[in-house]
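A short worksheet on the structure shown next.
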Amino acid sequence: MEKLLIKGGNSLSGKISCSGAKNAALPMIASTILSNESVVLKNLPYLQDITTMFELLGSMGAEILLDENMDFTISSFDLKDIQARYELVKTMRASILVLGPLVAKYGKARIALPGGCAIGSRPVNYHLDALKQLGAKIKLKNGYIEASANKLVGSNIRFDGVTVTGTENIMMAATLAQGVTVLTNVAKEPEIIDLADMLNSMGADIKGAGTDEITIKGVNELFGTSFTIPADRIEAGTYLVAAAVTNGSITIDSINPNRLMKVINMIERSGPKISFDDNSISISMDKDRPDPVDITTAPFPEFPTDMQAQFSVINAISRGVSNIYETVFENRFMHILELNRMGCDIEVKGNHAIIKGVESIYGAEVMATDLRASASLILAGLCAKGETVVDRIYHIDRGYERIEEKLNYLGANIVRLPS
Ligand code: EPU
């Protein structure tokens with residue numbers, strides 16, 4: 001297994017660009033199933049999860065072509081094998097995103113039921129309940145979701161809990177349903193708006209994405225489009241933390257700051273100066289140590305759970321005590337045990353982490369347990385004294401494009417060690 005060797009202590013400086021957002025790209029790739037024509041996606045990030053999603057569509061019979069501009073043309077309009085096998089679903093839970101589009105377009109789907117994962121049990125009951133309310137019949141058999149419907153029919157659906165991929169799944173399914181669907185208690189993440197924009201450019205009629213209520217008027221068919229994946233707000237937030245914990249001064253290009261305003265505000269509270277315009281964010285950390293900042297994760301526009309692990313590194317080296325409450329997932333503190341092995345002083349009580357900032361942390365051999373946990377260990381390695389080796393970095397390759405190259409470009413010292 002590849003590892004990352006990080007020599008800590010370098011202050012980051014310079015300018016980098018964000019890649020396309022993984023969590024915008026995944027539902028967009030799934031949405032090509034709804035189209036009767038080929039769809040072109042631009043600025044797709046080169047990530048393991050994207051490859052897995054392509055593998056999934058490919059296994060059903062889609063044709064995917066890459067051109068000289070690195071744009072992908074995806075033809076998913078004539079699928080033969082309407083199922084997502086367990087081999088793929090077990091490596092990527094977001095495979096569930098093909099459920100809504102398949103039932104809407106082909107009237108059936110067989111999708112392996114995703115199991116729990118490192119950050120929580122992550123059931124899909126909200127997806128299934130909502131799909132049933134659109135008229136689908138759903139059976140669970142041999143570890144698979146078997147869904148069928150002659151024609152989905154629009155309905156008023158209130159989600160029992162806020163779910164990002166659930167909102168996306170049902171929004172996609174409703175585009176081809178008969179009549180009007182009104183979704184409430186929906187997720188408002190920027191990726192929901194991105195997906196609605198893309199579906200509307202394919203001929204869908206969706207209003208209200210990004211608000212509490214999304215209205216979808218079903219149409220008979222969807223067509224091809226060419227769509228550019230927006231930049232990854234979590235990647236941007238991760239690099240802001242990298243600058244904050246290394247007394248760095250960097251500019252991140254091609255990112256709309258409104259997508260991560262809460263993250264910007266909280267990082268700013270810890271000490272760095274942050275400025276931004278429509279398309280870039282600059283950060284400069286002049287204080288020797290950050291101030292502690294309490295955070296509570298919650299759905300957008302609140303502090304994202306996907307930035308919790310990274311932010312904990314700011315608090316870990318801060319001048320004081322802070323609290324982090326994780327309210328979205330029940331087991332998203334796996335990085336804390338590894339951070340403590342590097343000299344951090346963090347106590348976890350259920351969904352609450354109490355962080356006593358320490359003056360210095362030290363390199364160690366640590367193990368990544370999920371994508372954002374890996375990012376936090378790399379960030380800790382950047383500000384630790386000595387060498388840190390992060391094992392199981394396949395997690396990081398699922399969601400950060402060329403992370404060590406980008407950080408090295410800013411002055412970090414990270415080497416990828418071969419298996
Ligand atoms: N939940 C249920 N039932 C459901 C769906 C969700 O109980 O049917 C619960 C979950 O267990 C969790 C909460 O609701 O406690 C929120 O989960 P959500 O469904 O919103 O998560 P998701 O859609 O599976 C997406 C991102 C995650 C991100 C979460 C929260 C994608 C592909 N994944 O997951 O991203 O953490 O929203 O913002 O968009 C990551 O990128 O590292 C990542 C894990």
Side-chain angles (χ1 to χ4, degrees), residues 19-31 45 47-50 52-53 56 89 91-100 111 113-133 138 140 145 157-172 183 185-195 229-230 232-238 259-260 262-263 297-310 325-332 334-335 351 368-376 395-401 403:
S19 301
K22 166 180 83 80
N23 289 350
L26 291 171
M28 286 178 180
I29 297 172
S31 79
L47 299 172
Q48 187 54 48
D49 274 11
I50 301 297
T52 306
M53 194 55 129
L56 173 55
V89 176
T91 63
M92 189 186 66
R93 305 177 49 83
S95 308
I96 190 74
L97 283 164
V98 299
L99 174 65
I111 314 285
L113 196 55
C117 85
I119 61 175
S121 59
R122 304 185 74 182
V124 291
N125 54 320
Y126 303 154
H127 303 234
L128 303 186
D129 289 348
L131 204 53
K132 279 185 202 158
Q133 291 178 63
I138 297 196
L140 300 182
I145 303 162
I157 300 171
R158 182 177 169 81
F159 285 95
D160 284 339
V162 177
T163 162
V164 175
T165 50
T167 302
E168 292 163 348
N169 228 339
I170 303 309
M171 188 167 82
M172 289 190 281
L183 304 178
N185 198 25
V186 287
K188 292 180 278 200
E189 269 64 5
E191 292 75 25
I192 306 283
I193 306 177
D194 298 334
L195 178 63
I229 315 294
D232 195 316
R233 64 193 165 101
I234 304 299
E235 185 194 18
T238 304
R259 292 180 166 241
L260 68 160
K262 190 77 183 185
V263 172
T297 65
F300 193 85
E302 293 307 319
F303 193 92
T305 174
D306 289 347
M307 276 300 300
Q308 179 260 108
Q310 301 90 312
Y325 297 91
E326 170 58 56
T327 74
V328 179
F329 291 109
E330 67 269 29
N331 190 29
R332 216 173 190 182
M334 300 282 275
H335 53 288
N351 75 338
T369 47
D370 73 80
L371 172 56
R372 309 302 170 187
S374 334
S376 78
H395 288 293
I396 203 95
D397 295 330
R398 294 184 56 179
Y400 288 88
E401 190 175 55
I403 189 166

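Note that ligands are numbered from 1 as they come in the structure, with each ligand's atoms numbered from 1 the same way.
- Contact analysis leaves Arg93 out of contact with ligand 1, as no non-hydrogen atom separation drops below 4.0 angstrom.
- An N or O contact shorter than 3.5 Å links Thr165 to ligand 1 by distance.
- At a 3.5 angstrom cut-off on N or O pairs, Thr163 counts as close to ligand 1.
- Under 4.0 Å from ligand 1, heavy atoms of Asn125 appear from its side chain as well as its backbone.
- Against a heavy-atom cut-off of under 4.0 Å, Thr305 is close to the following atoms of ligand 1: 30 (C), 36 (O), 38 (O).
- Protein heavy atom in closest approach to atom 27 (C) of ligand 1: Asp306 OD2, 3.8 Å.
- For atom 14 (O) of ligand 1, the closest heavy atom belonging to the protein is Val162 O, 4.0 Å.
- Taking atom 12 (C) of ligand 1 as the reference point, the nearest protein heavy-atom neighbour is Val328 O, 3.3 Å.
- Taking distance alone, with nitrogen or oxygen atoms compared against 3.5 Å, Asn23 approaches ligand 1 more closely than that limit.
- At a 4.0 Å heavy-atom cut-off, ligand 1 touches Arg332 through the side chain alone.
- With sequence neighbours excluded, the residues that form a side chain to side chain contact (heavy atoms under 4.5 Å, CB included) with Val162 are Asn185, Ala187, Pro299.
- Residue contact check for ligand 1: Gly166 places no non-hydrogen atom closer than 4.0 Å to it.
- Which parts of ligand 1 touch Leu371 is read off a 4.0 Å heavy-atom cut-off, strictly below it: atoms 42 (O).
- Only the side chain of Arg372 comes within 4.0 Å of ligand 1, judged by heavy-atom distances.
- Annotation for ligand 1: atoms under 4.0 Å from non-hydrogen atoms of Val164 are 18 (P), 19 (O), 20 (O), 23 (O), 25 (C), 37 (O), 38 (O).
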